[in-house]
Amino acid sequence: MESERERSLPVDRGWAWAVLGGSVSTYFFYAGIFKSFGILFVEFLDKYQESAAVTALVSGLESACFTIAALLSLTFGLRYTNCRTIVVIGGLLLGASFVLSSFAQDIYFLLVSYSIMFGLGHGMVAGPVLCILGDYFDKKRGIANGAAMSACSVGGLLMAPLCRALLDEYGLQGTLLIMGGLVFNCVVGGALLRPIDFFSLEKRRAKMKSNKHRKKRRDKRRQEEEETNGNISKSLPLLDTDEPFRARSPTADSTFSPLARRAMLKRMRSRTESEVATQEPMLSPPLSEQTQSPTLQTKAVEEPVKLGIARYFSNESLINIAFASSAGFKTSRDSVRSRKNTVSESSEGSASNVKEQKSTFQGIFNCKIFLNLSFILFAPGYWFGSIAGSLPVLYMPAHAGEIDVHGQRAALLLSIFGACDAVGRFLAGVVSDHFHINPRYLIIFACVINGLMQQMSVLFTVYWHFVLYSLVYGIFAGFLYSLYAVIVLQMVGTEDFRSTITVLMIGQGIGFSISNPLIGALKDNYGSYDASMHYTGTCALLAAILFSIEAVIHKHKSSKPTVPDIELSPG
C-alpha cells in the first residue's frame, strides 16, 4: 500500500519541490516583514506620539488575532477546506493590512488595519504551510522544514535594512504601500500549495471502478427487466382477433361469435396476469428462498435506491430508510420477521455511522494530552521561552535608540539577529542529530544563556554591546523553535501532534498579547526598556526551570526498567 502511494503521489519528488518553493517564498515575505516590526514600531512612536504601552498594543492585539486564526485554521479550516485556500486568503489579508495601514491617521486605526487583519492573515499562513509540507515530504521532511524555517530568518536578515532604506526614501506611508505589495507575494506562493489529493490516483481509480460497477448493475437490471417482460409475454400469448377462435368443449368443438371470443380473451388475460403476480418472488417468496437468500432480496431493493438517492447524498441512513419502506410489501409472517431483522441491522449500521462521524468531529482535538505530566510542564515552559525568544527583537531598535543608535545602525542589529538566528536553528539540529545530545538539554542551555543576557541589559551602554547581544541572542533564540517539535513527538506521538501544536500556539498567542502591552507599560513607568528586558529574561529562566523538571521526569520514565516475563524453576 505504501509503495502504491509513493508511486501515485508526488511524495519527496515532482510537485513536492514546487510546494516547498511556495512555502519558502511565503515564509520569506511574511516572516521577514513581521520581524521588521521593530523598525516600524519606532516610526509609529514618532508619528502618532502615543505612549509605548498603547503603541505596543498594536503588536499585542495582532498576537491575539493570530491565536484565533491559527486555532480555526488548524482545526475546522483544514477539515472543511485545504491548505492552499487558507494560505491564499491569509496572503490577501496580509497585503491588505499594509495597504490600509498606509492611510492610518492615528494609532487606533492601526489596531484594525494592522493588528486585526495582519494577525488573522498571520494565523492563516503559519500553520497550514507546515501541514502541507508534511503531506508532500516523508523521507526528506527534515530538509523541507529546515528550508522553510530558514526562510523566516533570511527574510528577517534582508527585510530589515530594506525597510529602513524605504523609510528614508519614501517615508512611512510609501514604505507601508511597498511592503504591502511585497507581502502580496504570499498569494503567489500559496497558489503553488496544490492539495495532494489532486494527484491521488487511488480516488480516481475508485471512482472509475464505482462508475463501472454502477453501469454493470444498471445493464444487468435492464437485462433482467427485459427477460421478465419476455417471460410474461411468453406466458400471455397474443391471439389474433381476425382469425376465428375455436375452443374445445367437453363434448365437441364449436365456433364462438366475435363478441363472445373477445370476452373470453379478456378473462383469460386477467386470469393469467393475476397468476403471474402471485408468483413474483418479491411479493410472496417461498419460505426456503426467504431463509436461504436474504441478500438477493436486499440487493434487489437496494440497487434502485443507490442509483437514485445515493448518487446525490452520501448518508447511508437514507438508503436504510428507503429499504425499510420497500420491505413493507412483504405480507407473510416469515417475511415480516426477516424484514424486522434487516431493518434493525440497517438502523444499527446507520447509528454506527453517526457515532463514527461524531467521534471524527470530536477527534479534531484530543483532550487526553492534558493528562500527560510531561506536556503539562513543557507547555508553560514553551510559552515563557517563546516570550523571551521572540519579543525582545521587536523592541531592539527602540531599546538601542536610548543610546542614540538610529537609522541603518539599528536596522543592522536586526540583520545580525536574522543571520545568527538562521545559523542557530541549523546548528541546533546538527548538534542534536549528529552528536546525539538530548534536545531538552540544548533548549535548557539556550534559555539560560538568553535569560542571563537579557538580565544584563543594564550594562548595554555602547553600540558594540548591542552587536554582541544580537549575536548571542540570535544564535540561541532559535534553539527552542528548531527542537520543540522533536520533543513533542516523543511526549505525545504522531496521533496527538496536531492537538499539541494547537495548544502551544494558543498559549503562545495569549502570552504575546499580554506581554507586548506589558513591555510598553514597563517602559512608560521606568523610563527605559531595562525593566522590560528583565521581564523577558525572567521568562527565559522560568522556562529553563520547567524544562529541567520535565527532563528529569522524562529521564526517570525512560530509565525505569521493564520487568521481563521470567519463568522461575525450582532449585
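The structure presented is a predicted model; accordingly, all values stated were derived computationally and were not measured. This chain uses plain numbering: 1 for the first residue, then up along the sequence.
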In Å, rounded to the nearest 0.5 Å, how long is the span from CH2 of W15 to OH of Y136?
8.0 Å
Any side-chain heavy atom of C163 within less than 4.5 Å of one from L40?
yes
Excluding sequence neighbours, so at least two apart, what forms ring-ring contact (aromatic ring centres under 6.0 Å, His included) with H122?
Y30, F34, F66
Check S102 against Q173 and note the closest heavy-atom contact, atom names and distance.
O-CG, 3.2 Å
Among residues at least two apart in sequence or on other chains, which ones pass side chain to side chain donor-acceptor pair (under 3.5 Å) with K35?
D421
Is a side-chain N or O of E62 found less than 3.5 angstrom from the main chain of I116, in a donor-acceptor match?
no
Close side-chain approach of Q408 to P161, heavy-atom, < 4.5 Å
yes
Sequence neighbours excluded, which residues qualify as side chain to side chain donor-acceptor pair (under 3.5 Å) partners of S59?
N516
Please examine the side chains of V129 and L193, heavy atoms only from C-beta on, and report whether any two atoms are closer than 4.5 Å.
yes
If you take all heavy atoms of L111 and L61, which pair is closest and at what distance?
O-CD2, 3.4 Å
So which pairs with a foot in residues 43-57 pass side chain to side chain donor-acceptor pair (under 3.5 Å), sequence neighbours left out?
E43-R164
Under the side-chain contact (heavy atoms from CB on, under 4.5 Å) test, which residues partner A148, sequence neighbours left out?
Y27, L133
Decide yes or no on ring pair (Phe, Tyr, Trp, His ring centres under 6.0 Å) for F118 and F98, but give the supporting numbers first.
CA-CA 8 Å; F118 189 88; F98 277 93; 5.6 Å; yes
Between atom CG of L72 and atom CD1 of I86, what is the distance when rounded to the nearest 0.5 Å?
10.0 Å
Determine yes or no for a side-chain-to-main-chain donor-acceptor pair under 3.5 angstrom, with D168 supplying the side chain and A165 the backbone.
no
Minimal non-hydrogen separation, L157 against S415, with atom names
CD1-O, 2.9 Å
How long is the span from the CD1 atom in I33 to the CG atom in L94, to the nearest 0.5 Å?
8.5 Å
Heavy-atom closest pair (T175 atom, Y170 atom, distance to 0.1 Å) is N-CB, 4.4 Å
For N450, all residues meeting side chain to side chain donor-acceptor pair (under 3.5 Å), sequence neighbours excluded
none
Rounded distance [0.5 Å steps], CD1 in I510 versus CE in M505
12.5 Å
Tightest non-hydrogen contact, residues L120 and C65, listed as CD2-O, 3.8 Å
In sequence, state the C-alpha distance, the side-chain angles, and the governing distance for I132 and V87, and then conclude on side chain to side chain contact (heavy atoms under 4.5 Å, CB included).
CA-CA 11 Å; I132 198 170; V87 173; over 6 Å; no
Test: side chain to side chain donor-acceptor pair (under 3.5 Å). Region: residues 531-552. Which pairs qualify, not counting sequence neighbours?
R440-E550, Q454-T536, Q455-H534, Q455-T538, S515-Y535
Please lay out, stage by stage, how Y473 and M396 fare under the test side chain to side chain contact (heavy atoms under 4.5 Å, CB included).
CA-CA 11 Å; Y473 172 59; M396 187 182 297; 4.1 Å; yes
Output, in order, the C-alpha distance, side-chain angles, deciding distance and verdict of side chain to side chain contact (heavy atoms under 4.5 Å, CB included) for M124 and I89.
CA-CA 8 Å; M124 296 177 69; I89 296 175; 3.5 Å; yes
Less than 4.5 Å apart, side chain to side chain, heavy atoms only: is that true for I444 and I545?
no
Shortest non-hydrogen contact between C83 and P128, atoms and distance:
SG-O, 3.4 Å
What distance separates I487 CD1 from T500 OG1, expressed to the nearest 0.5 Å?
13.0 Å
Got a second to check how far L471's CG is from L413's CG, nearest 0.5 Å?
9.5 Å
Using residues 376-390 as the side-chain source, report each donor-acceptor pair under 3.5 Å to any protein atom, sequence neighbours left out, with the distance given to one decimal.
{"residue": "W383", "atom": "NE1", "partner": "L504", "partner atom": "O", "Å": "3.3"}
{"residue": "S386", "atom": "OG", "partner": "Y382", "partner atom": "O", "Å": "3.1"}
{"residue": "S386", "atom": "OG", "partner": "W383", "partner atom": "O", "Å": "2.8"}
{"residue": "S390", "atom": "OG", "partner": "S386", "partner atom": "O", "Å": "3.3"}
{"residue": "S390", "atom": "OG", "partner": "Y481", "partner atom": "OH", "Å": "2.3"}

Show every side chain to side chain donor-acceptor pair (under 3.5 Å) that has at least one partner inside residues 103-114, sequence neighbours left out.
S101-S113
Just to verify, what does F479 make a ring-ring contact (aromatic ring centres under 6.0 Å, His included) with, not counting sequence neighbours?
F476
With side chain to side chain contact (heavy atoms under 4.5 Å, CB included) as the criterion, how do S432 and L442 come out once you've worked through the C-alpha distance, each side chain's angles and the decisive distance to 0.1 Å?
CA-CA 8 Å; S432 176; L442 294 177; 3.9 Å; yes
Contact check, side chains of P397 and L414, non-hydrogen atoms, under 4.5 Å
yes
Can you name the residues that form a ring-ring contact (aromatic ring centres under 6.0 Å, His included) with F103, not counting sequence neighbours?
none
Is there side-chain contact between H399 and S457, with heavy atoms separated by less than 4.5 Å?
yes
Just to verify, what does N82 make a side chain to side chain donor-acceptor pair (under 3.5 Å) with, not counting sequence neighbours?
T85
Any donor-acceptor N/O pair, S115 side chain to V58 backbone, under 3.5 Å
yes
Just so I know, are the side chains of T81 and F76 near enough to count as touching, which here means a heavy-atom distance under 4.5 Å?
no
